[in-house]
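Chain A is the first sequence line, chain B the second, and so forth, proteins listed ahead of strands; every chain is numbered from 1.
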There are 4 protein chains.
Amino acid sequence: MARAKPNKELRPAILDEARQTLVAEGYRALSMRRIARAVGCTATSIYLHFRDKDDLLHALIHEGLERLHEQLLVSIDGIEDPRRRCERLCRSYLEFALENREYYEVIFSLHPEHMKRYPQALYRRARGNLEFFAESIAAVAGRAGDRKDSDYLQAHVIWAQLHGAVSLHLTERLDFRLSVLSFLDYAVQNALSALPSTDDQK
Amino acid sequence: MARAKPNKELRPAILDEARQTLVAEGYRALSMRRIARAVGCTATSIYLHFRDKDDLLHALIHEGLERLHEQLLVSIDGIEDPRRRCERLCRSYLEFALENREYYEVIFSLHPEHMKRYPQALYRRARGNLEFFAESIAAVAGRAGDRKDSDYLQAHVIWAQLHGAVSLHLTERLDFRLSVLSFLDYAVQNALSALPSTDDQK
Amino acid sequence: MARAKPNKELRPAILDEARQTLVAEGYRALSMRRIARAVGCTATSIYLHFRDKDDLLHALIHEGLERLHEQLLVSIDGIEDPRRRCERLCRSYLEFALENREYYEVIFSLHPEHMKRYPQALYRRARGNLEFFAESIAAVAGRAGDRKDSDYLQAHVIWAQLHGAVSLHLTERLDFRLSVLSFLDYAVQNALSALPSTDDQK
Amino acid sequence: MARAKPNKELRPAILDEARQTLVAEGYRALSMRRIARAVGCTATSIYLHFRDKDDLLHALIHEGLERLHEQLLVSIDGIEDPRRRCERLCRSYLEFALENREYYEVIFSLHPEHMKRYPQALYRRARGNLEFFAESIAAVAGRAGDRKDSDYLQAHVIWAQLHGAVSLHLTERLDFRLSVLSFLDYAVQNALSALPSTDDQK
DNA sequence: CATGAATGAGCTTTCATTCAT
DNA sequence: CATGAATGAAAGCTCATTCAT
């Protein structure tokens, strides 16, 4: 008894719904049935668009990473000074997290257990975001175009600082008396202190 | 037919078991039935000691914070130099996280949804851990015993750096080619760069 | 929301229902939910009495084997002549299959896939039925109490003849124009022809 | 958007695939989707060639009976001695069963429930296999070409012995310490003892 | 303080099947 | 002749929770 109303927009609708539920109520509340109910199809239909639940989650992550990538890209467009580029990258990263909570949480809070089958290609793509940082860091050190491993390492540390700040905020572990903005600002500042001092390049 | 096994200490036994399961097999494996089986009582009995599963989780989190607290306390015992105290605090924090992976995740990353009913009193207690940092920071600034808000803020930023590094690692988001130890080391180093320079106090 | 009406007779009720469904509609129609519906409990309740579906099936088989065992035992009670004992065993076996179709099909038609975890102890018990045959065969050969491997082999062959006849009948593969009784009679006769000729013992 | 892959021979391809799946992985693995995937069409397409799954199964059974028929036919080709013909038939039958385990089960053990709609005509065809036996039996009795009902009955009994032996083996109900080959050999021997003694015809 | 029996809702996934195209 | 999208039913099983005893 299949009424075929070819709902071409089902896939994005599923992703939207999943993202919202994930943010609002966490992974445990995310079930295929629930998504189906919310978008108005049967659970079975979801399996026409995604191999399984993990596949759906991977699609979510992919989407999120793409958006983040784009936003970071735009943020440094036309900025020449490498130090300022770094700062812009940091602030843009925070903005993305705050304004796209849904995406951010999906990307970073999913348990590794569910990432086992995450396609290698996407992992590589994800690392692209860190290259932005690494390259800018190399530039700060006066080695534009000559990115070293240590730059990549530094990029990770900066990232960790940003991610830590953001996720403590998003999971509501911060002392409520704290000014969130000051906190994030300070975090960026400290992240940037990881940059090589500009004197090095002289 | 209630054979009263005089198990006066059931509550701590439940928590012990729950913690072990959590550390060893993660959140997904933590079910009331399973805890009951492992501890040698029925699932029903658990409800005599905990209102519901969230309540148990809250107790676990509380316990975890206490343990972390203790570990941090011990780590700085007898260390006079405030800078070294800070470093010890950082390293001790990382150790705790790495040795209690899944436990750490529950404590610091559990979705806010599950924390709705978490008692205010415990939140306050949790902040105690940050006071350690804040006080050491004040000491670094030559204001031992005179902790300011900005010290507290700085403590949060340091915490964010540590938490960010740890959770990127635990959720396996790091580039696999990276040396985890170098990364964590660098993160600590950068966290500490948030400390006021010792020159300030002159 | 558990109304505890302690239905002490649930376990046998489940087994009864399962047996009936199995015979009437085959394994594919046998589901936990269906059994539950029929006996008036929830599917979950079944799991209080049986570890899982296979466990339930094993219980069915066990029950069936016990009954068959008993019936065979009774059938030869007081019969001295070994040849007549054999015949009685054969006929009793057929009777059991025809009169307890439910049990018989359960015992022998379940796919090996589901038998993987069947407890060794029960297998041993099952072989007991064949010992009846083997011992009688030994007796026919004038070696009462001195059962040899070849007797055991012969017992298996006799069993195969009986089982083949019965199952072709039960699965309705026989030509409908055939007289079932003659067929079974003939099968018994042929089974017994596997017995050592009485002359041997002279 | 129907790209008409001129797959005129889809029906046999489906049957081939179904048979292979059946032999290799058993009934449980036999789903419409799976067949479709393997054969390179959609599940829907199967329904153009078969009313439903049972219909497909019936076709498989038919096919199986035909193959068995052919194999039996070949096995006695050129054999004159009626006794030897019988033996060859028996052994050929066993070979077929052992080499097509799961296939054999579907043909001869599928629950009657699934056979409700099995066309009468095919049943008649199936009986053809038994005629082989019956005719050889008549020949043994020196009545070649004059097949009697009793021969047909005897054929059934022989069949029952073979089927019983095979299915006890296939469903793994035999004592594992038993030599399967000896057992089957003995079963054939006993099946053949159902033949009229050659002396009778004098 | 503790239990045993039971519940209902929920889970992911698979299946045979149907419809408009 | 074939498809892609969709369906509803069902599967086995686990979970947190409750109630009478």
request  = Check step by step if salt bridge (charged side-chain N to carboxylate O under 4.0 Å, His left out) holds for A/Arg101 and A/Glu105.
outcome  = CA-CA 6 Å; A/Arg101 229 193 111 130; A/Glu105 289 202 11; 2.9 Å; yes

task = Would you mind classifying the nucleic acid contact of A/Ser45 as base, sugar-phosphate or nothing, using non-hydrogen atoms under 4.0 angstrom?
result =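 The residue A/Ser45 makes base contact.
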
Between [atom2] of [N] and [atom1] of [X], the distance in whole Å:
X       : N      : atom1 : atom2 : answer
C/Ile46 : E/dA6  : CD1   : P     : 11 Å
B/Tyr27 : F/dC15 : OH    : P     : 12 Å
C/Tyr47 : E/dA9  : OH    : C1'   : 15 Å
D/Ile35 : E/dT17 : CD1   : P     : 11 Å
D/His49 : E/dT17 : NE2   : P     : 16 Å
A/Met32 : F/dA10 : CE    : P     : 21 Å
B/Arg34 : F/dT17 : CZ    : P     : 18 Å
B/Leu48 : F/dT17 : CG    : C1'   : 13 Å

The criterion is ring pair (Phe, Tyr, Trp, His ring centres under 6.0 Å); which residues satisfy it with [X], sequence neighbours excluded?
X        : value
D/Tyr103 : none
B/His114 : none
D/Tyr104 : D/Tyr93, D/Phe108, D/His163

Global bending angle along the helix from E/dA2-F/dT21 to E/dT21-F/dA2, which compares the axes of five pairs at either end, to 10 degrees =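 The two end axes of the helix from E/dA2-F/dT21 to E/dT21-F/dA2 meet at 30°.
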
request  = Check whether the side chain of B/Thr44 and the base of F/dT18 form a donor-acceptor pair under 3.5 Å.
outcome  =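 It does, because a donor-acceptor pair links the side chain of B/Thr44 to the base of F/dT18 below 3.5 Å.
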
ask   = When only distance counts, do a donor and an acceptor, one from the side chain of A/Arg33 and one from the base of E/dT12, lie under 3.5 Å apart?
value =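 Indeed there is one.
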
ask   = In terms of side-chain geometry, is the basic nitrogen of B/Glu25 or B/Arg34 positioned less than 4.0 Å from the acidic oxygen of its partner?
value =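 Result for this pair is yes, salt bridge flagged.
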
message = On DNA chain F, compare the nucleotides closest to A/Ala43 and B/Ser31; which residue's is nearer the 5' end?
response =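 Of the two residues, A/Ala43 wins.
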
Worked check of salt bridge (charged side-chain N to carboxylate O under 4.0 Å, His left out) between D/Glu113 and D/Lys116 = CA-CA 6 Å; D/Glu113 193 68 14; D/Lys116 284 282 160 59; 3.4 Å; yes

inquiry  = By nearest heavy atom, map C/Cys41 and A/Arg28 onto DNA chain E; which one lands nearer the 5' end?
reply    =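 Per heavy-atom nearest nucleotide, the more 5' residue is C/Cys41.
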
inquiry  = Counting C-beta onward and ignoring hydrogens, is there a side-chain heavy-atom pair between D/Leu56 and D/Ile14 closer than 4.5 Å?
reply    =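 Heavy-atom side-chain distance check passes, below 4.5 Å.
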
ask   = Phosphate oxygens OP1/OP2 of F/dT3: is one of them under 4.0 Å from a side-chain N or O of D/Thr42?
value =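 Answer is yes, contact under 4.0 Å.
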
message = Could you go through D/Arg117 and D/Asp52, starting from their C-alpha distance and side-chain angles, then the distance that decides it, and tell me whether this counts as salt bridge (charged side-chain N to carboxylate O under 4.0 Å, His left out)?
response = CA-CA 11 Å; D/Arg117 286 167 31 210; D/Asp52 55 21; 3.1 Å; yes

message = Contact list please: residues 51-64 of chain D against DNA chain E, heavy atoms, distance less than 4.0 Å, in numerical order.
response =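 Residues of residues 51-64 of chain D that come under 4.0 Å of DNA chain E are, in numerical order, D/Asp52, D/Lys53.
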
query = Which pairs pass ring pair (Phe, Tyr, Trp, His ring centres under 6.0 Å) with one or both residues in residues 16-41 of chain B, sequence neighbours excluded?
reply =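 Every pair satisfying ring pair (Phe, Tyr, Trp, His ring centres under 6.0 Å) with a residue in residues 16-41 of chain B: there are none.
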
